[in-house]
Number of protein chains: 2
Amino acid sequence: MSRRTVQQAAILDVLESAEGPLSAQEVHDRARELHPTIGLATVYRNLARLEGDGAVVAVHLPQDATRYEPAGRGHHHHFRCVKCDTVYELDAGCPVAMLEGATLPGGLTVMGHELVFFGHCAGCNGAAA
Amino acid sequence: MSRRTVQQAAILDVLESAEGPLSAQEVHDRARELHPTIGLATVYRNLARLEGDGAVVAVHLPQDATRYEPAGRGHHHHFRCVKCDTVYELDAGCPVAMLEGATLPGGLTVMGHELVFFGHCAGCNGAAA
DNA sequence: CATTTCGTGAGAACCGATTATCACTCGTGG
DNA sequence: CCACGAGTGATAATCGGTTCTCACGAAATG
């Protein structure tokens, strides 16, 4: 049976309080502030376990490492700042949801979709290029 | 100055006649049928050059190597078959285009977006799982 | 035709992300 | 409180994708 460890709690805490899905590296960086000796391998192991337990879900965005966010947040999409590479979770309703289950011309049956916005976040909007 | 080579022509030909954007590996496989001795390094080199010349554009999809398609096809999106991993170009109008240039709540300024559909293609629809 | 230089092809090298290894530590059942 | 096995941390190994290296072949120039 799996044990509860402070490392796992720290990782979940970091994910819960993040602005969006985080990469293993980002989780590691932030978790170090709660638990300075935590190792990167431990982060990967716990993310895999938490995903297996259904507590977190993996998020795959283009040109980016695998990110993780807490499960149970419903259908939503993401925004990546092209300057600082921060990824934000978007709350707005999905403009593409009506296409779920549809069959497009050419016989393509839609089972899911991924929508990502790119741009500048508030912090990077005014800053110099 | 850059020379015109049969390899470069073969690569462009392959991209022009593809069903969607191709990875370097896929370009290599298909180009071998036109020019059996072409090497993978040559494919990478020419894709980089063609992209620099503006003749092809790179397409980045989640969980996937960089793909390339001919430039000048206008705004469109893609569909990846989760079974055979083939990526198709979609002609349909974009349901998200109106968000270009918008500023979302939170101060996120949208400069672009990427929309990818996942599902089964016609060939994989009826086939066994 | 000779030259010069760029492009090619094969394989080695590299890269960032992720996983495996292994000795050590700590949480937990007894 | 103790023993033991799961979890940890540091590092090496691995992986797919991509780039580099280098000797050879082929296109433009005189």
Side-chain angles (χ1 to χ4, degrees), chain A residues 1-15 20-53 55-69 80 84-87, chain B residues 1-15 20-53 55-69 80 82 84-87 116:
Chain A
M1 194 51 53
S2 62
R3 296 174 178 170
R4 272 81 46 104
T5 65
V6 290
Q7 289 88 347
Q8 191 166 26
I11 289 168
L12 261 180
D13 193 23
V14 163
L15 287 178
L22 303 180
S23 67
Q25 188 61 63
E26 288 169 341
V27 171
H28 185 223
D29 294 343
R30 299 189 192 190
R32 266 186 193 285
E33 293 169 20
L34 301 173
H35 189 91
T37 66
I38 194 170
L40 181 57
T42 297
V43 171
Y44 274 104
R45 270 188 302 250
N46 278 288
L47 287 173
R49 167 180 333 211
L50 290 166
E51 187 186 11
D53 292 348
V56 308
V57 295
V59 175
H60 300 289
L61 302 185
Q63 284 269 272
D64 201 15
T66 304
R67 291 172 176 273
Y68 296 87
E69 64 187 9
R80 177 161 67 220
C84 65
D85 280 328
T86 304
V87 174
Chain B
M1 194 51 53
S2 60
R3 295 173 181 173
R4 291 159 301 275
T5 66
V6 290
Q7 289 89 346
Q8 190 165 26
I11 289 169
L12 260 180
D13 193 23
V14 162
L15 288 177
L22 303 180
S23 67
Q25 188 61 63
E26 288 169 341
V27 171
H28 185 222
D29 294 343
R30 300 189 190 191
R32 263 185 194 287
E33 293 170 20
L34 300 173
H35 190 92
T37 66
I38 194 170
L40 182 56
T42 297
V43 171
Y44 275 105
R45 271 188 300 250
N46 278 289
L47 287 174
R49 170 182 327 217
L50 289 166
E51 187 185 11
D53 293 347
V56 307
V57 295
V59 175
H60 301 289
L61 302 184
Q63 285 269 270
D64 202 14
T66 305
R67 290 172 176 274
Y68 295 87
E69 64 187 10
R80 177 162 66 219
V82 298
C84 66
D85 280 329
T86 304
V87 174
V116 193

- Criterion salt bridge (charged side-chain N to carboxylate O under 4.0 Å, His left out) on Arg67(B) and Asp64(B), from CA distance to verdict: CA-CA 8 Å; Arg67(B) 290 172 176 274; Asp64(B) 202 14; 2.5 Å; yes
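Note: CG (Asp64(A)) to P (dG17(D)) measures 17 Å, nearest angstrom. Leu50(B) places its CG atom 12 Å from the P atom of dG7(C), with the value rounded to the nearest Å. The separation between Gln63(B) atom CD and dG16(C) atom P is 19 Å, rounded to whole Å. Rounded to whole angstrom, the span from the CG atom of Asn46(A) across to the C1' atom of dA6(D) amounts to 12 Å. Nucleotide dA17(C) holds its P atom 15 Å from the NE2 atom of His60(A), rounded to whole Å. Rounded to an integer number of Å, the gap from Arg67(A) CZ to dT18(C) C1' is 16 Å. Atom pair Gln25(B):CD and dT19(D):C1' shows a separation of 15 Å (rounding to whole Å applied). Counting to the nearest Å, the C1' atom of dA10(D) and the CZ atom of Arg45(A) are 10 Å from each other.
Both Ala24(B) and Gln7(A) sit near DNA chain D, but only Gln7(A) has its closest nucleotide nearer the 5' end.
Contacts between residues 28-41 of chain B and DNA chain D, defined by a heavy-atom separation below 4.0 Å, involve Ala41(B), listed by number.
A 4.5 Å side-chain heavy-atom check between Arg3(A) and Gln8(A) finds every atom pair outside the cut-off. In this structure, Thr66(B) and Val59(B) have side chains that are not in contact, with every pair of non-hydrogen atoms separated by 4.5 Å or more. Between Val57(B) and Glu51(B), the closest side-chain pair of non-hydrogen atoms is not below 4.5 Å.
The shortest distance between the side-chain N/O atoms of Tyr44(B) and the OP1/OP2 oxygens of dT19(D) is not below 4.0 Å. Listed pair Thr66(A) / dT18(C) meets the phosphate criterion, a side-chain N or O lying under 4.0 Å from OP1 or OP2. Of the side-chain N and O atoms in Thr5(A), one or more sit less than 4.0 angstrom from OP1 or OP2 of dT8(D). For Thr42(A) and dG9(D), the shortest distance from a side-chain N or O to OP1 or OP2 is below 4.0 Å.
Put simply, the residue from Val43(A), Thr42(A), Leu47(A) that forms a side chain to side chain contact (heavy atoms under 4.5 Å, CB included) with His28(A) is Val43(A). Each of Asn46(B), Leu15(B), Val27(B), Ile11(B) was evaluated against Val56(B); a single residue qualifies, Leu15(B), per the side chain to side chain contact (heavy atoms under 4.5 Å, CB included) test.
Expressed to the nearest 0.5 Å, how far CD of Gln7(B) lies from CG of Leu34(B) amounts to 11.5 Å. For the atom pair CG (Asp85(B)) and OG (Ser23(B)), the distance works out to 10.0 Å, reported to the nearest 0.5 Å.
Side-chain N or O atoms of Arg80(B) include one that pairs as donor or acceptor with a backbone N or O of Pro62(B) at under 3.5 Å.
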Hey, what are the protein-to-nucleotides 28-30 of chain C N/O distances that come in under 3.5 Å?
none

